[in-house]
Structures are given as C-alpha cells and as structure tokens.
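Okay, so here's the structure we're looking at.
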Amino acid sequence: MGRGKIVIERIDNSTSRQVTFSKRRKGLLKKSKELAILCDAEVGVIIFSSTSKLYEYSSSSMKSVIERYNKAKHVQHHMNSESELKEAEITRQQLQDLHESYRQLMGQKLSCLNIEELQSLEEQLEMSLRGEQILTNDIRELNHKGNIIQQENMELCEKVNLMRQENTEMCKKLYSVGNATEVSSNSLMPNGLTTRGDPHELIHLRLSHPERHRNQAIGETTVLG
C-alpha cells in the first residue's frame, strides 16, 4: 500500500520539521542538478532554513545567475511597461474616436467635415434609423405573438377546467348507477323472488304431494264425465 496523502501545512514538531526540511532540501538540489545537466539550463537555487542557515546550488556561478536574473527582470519589466503604455494609448485613442463619432452623430462639430465624411455620416444615420425601425417592428411582432399565445393559453385552461368538471360529473353518475345496480342485485333472490322487509326473515313454502293432486284431478274428470 502507498503512503497516505500528506497535508501541506507547517509541521509543529521541530524534530519532524527538521527531518522533513533536510530530505526535501536534498531532493530539491538533486532535481536542480539533474535539470541543469539534462536540459543544459542555467539553474540557481537559494534556500534559507528556519534558523537562517544558507543552502545554495548553481550550475555555473551564483553571481552570474543573479546578474542574469536581474537583467532579465529589468528587461521584462520594461517590456511590460511599454506594452501597458501602448495598450493604454490605444484604448485612449479608441475612446476619443468614439466621443468624436458620438458628437458628429448628434449634429455637433460638422463644420470640419468634408463632403465624403458628411455622406458617410448620413449613411450611418440612415442605417441606424433602418436598424431601429427593424428592431421596433420585431418587438411589435413579438408582443403580438405573445398576446396570441397568452390568449390560447387561457382558452386551453378553460377547456381543461371544463373537461375536469365533465369528468367529475361522469364519475358521480357512474358511482350512483353502480350503487343502484348493487342494491337491485341484493334485493333479488333465486326463482325471481324478492324480499320485502327483513332479509333474515324465513320464508315458509307449502309443498303439495303430486299423487294427491293427480288423484284429485282424475276424480274431477270422472264426475264431469
């Protein structure tokens, strides 16, 4: 298993801090030497410990490395300053041109313009007005479409409410019909008999003998004959 991730913060224990400083310092100087040899680079490393002890490494001479660093820093600073000045000058010129164009569009300081510049300014004004008219028409059309969509939305909401109401009424009707059917089916008994009153009341049926009825019918037939 690999070692856990080390939190990069100050080590409170002085002994551990000193051991870590020694290991990391040696590793840093070793990497610096390898970088100088492998890549033909001029490297200079300066380290001060917590006790103000100096450790250094340079691939050639520390003095020459520092002089070269100072010179390169001065050149870089000068180049940065010139670049910033150029950018500031360009921005200032652009801002001035914009102010001048704005004044001319507002009808100010037109006496110093020639015919071509006046014609160009007129074309710019016409294009601006045309663009403004197009934007106005687009906005008007979008507002009209928005009103239509809003009206359609309101109509759809009304239809949905009506459908919900009809659905509710149909559910009520189906519920009432189902209750009536259940009541009628409960009231019917086998052989088409219905119960009136207490459903638990016993029903007494008088059963007749078939032979008695047959003899009675034969006697009546004899008498009639």
In the single-linkage hydrophobic clustering (I, L, V, M, F, W, Y; side-chain heavy atoms under 4.5 Å), do Leu29 and Leu35 co-cluster?
-> yes
CG (Asn143) and CD1 (Ile148) are apart, to the nearest 0.5 Å, by 11.5 Å
Lys23 side chain near Thr20 side chain, heavy-atom distance below 4.5 Å
no
Rounded to the nearest 0.5 Å, the OG1 atom of Thr91 sits from the CD atom of Glu84 at a distance of 11.5 Å
If you count the non-hydrogen atoms of other residues, nucleotides and ligands that lie under 6.0 Å from CG in Asn13, is the total more than 12?
yes
Mind checking whether Tyr57 and Leu28 sit in one hydrophobic cluster, side chains of I, L, V, M, F, W, Y counted as touching below 4.5 Å?
yes
Does Glu132, at its CD atom, have more than 12 non-hydrogen atoms belonging to other residues, nucleotides or ligands within less than 6.0 Å?
no
task = List the steps and the verdict of side-chain contact (heavy atoms from CB on, under 4.5 Å) for Glu67 and Asn70.
result = CA-CA 5 Å; Glu67 290 177 354; Asn70 290 330; 5.6 Å; no
task: Look at atom CZ of Arg68 and say whether more than 12 heavy atoms of other residues, nucleotides or ligands are closer to it than 6.0 Å.
output: no
Scanning both residues in full, the closest heavy-atom pair of Ser16 with Ile11 reads CB-CG2, 3.9 Å
To the nearest 0.5 Å, atom CG of Asn147 lies from atom CG of Leu142 at 11.0 Å
Check the pair Arg92, Glu89 against salt bridge (charged side-chain N to carboxylate O under 4.0 Å, His left out), reporting the backbone distance first and the verdict last.
-> CA-CA 5 Å; Arg92 190 181 298 109; Glu89 184 64 27; 2.7 Å; yes
So CG of Asn161 and CE of Met163: to nearest 0.5 Å the spacing works out to 11.0 Å
Rounded to the nearest 0.5 Å, the CG atom of Asn153 sits from the CD atom of Gln151 at a distance of 9.5 Å
> Would Val45 and Phe21 show up in the same hydrophobic cluster when neighbours are defined by side-chain heavy atoms closer than 4.5 Å?
Replying inline: yes
- Query: Where do Lys53 and Ile47 land on the side-chain contact (heavy atoms from CB on, under 4.5 Å) test, with the steps shown first?
  - Reply: CA-CA 8 Å; Lys53 190 174 181 180; Ile47 303 173; over 6 Å; no
Separation between CG (Leu162) and CZ (Arg164), nearest 0.5 Å, reads 11.0 Å
Decide side-chain contact (heavy atoms from CB on, under 4.5 Å) for Ser22 and Lys26; before the verdict, give the C-alpha distance in whole Å, the side-chain angles of both, and the deciding distance to 0.1 Å.
CA-CA 6 Å; Ser22 178; Lys26 291 180 181 179; 3.8 Å; yes
Do the side chains of Ser50 and Phe48 get nearer than 4.5 Å, heavy atoms only? no
Practice prompt. Look at the side chain of Ser59 and the backbone N and O of Val43, then say whether any donor-acceptor pair between them is shorter than 3.5 Å.
Written response: yes
Verify salt bridge (charged side-chain N to carboxylate O under 4.0 Å, His left out) between Glu141 and Lys145, making sure each step is shown before the conclusion.
CA-CA 6 Å; Glu141 185 177 358; Lys145 290 181 179 180; 3.6 Å; yes
| query | Within the distance-only criterion (no hydrogens, no angle test), does the side chain of Arg17 pair as donor or acceptor with the backbone N or O of Asp12 below 3.5 angstrom? | reply | yes
Item to check | side-chain contact (heavy atoms from CB on, under 4.5 Å) assessment of Glu42 paired with Ser64 | outcome: CA-CA 10 Å; Glu42 190 172 3; Ser64 63; 3.6 Å; yes
Whether Lys159 and Glu155 form a salt bridge (side-chain N of Lys/Arg under 4.0 Å from carboxylate O of Asp/Glu) is what I want to check.
no
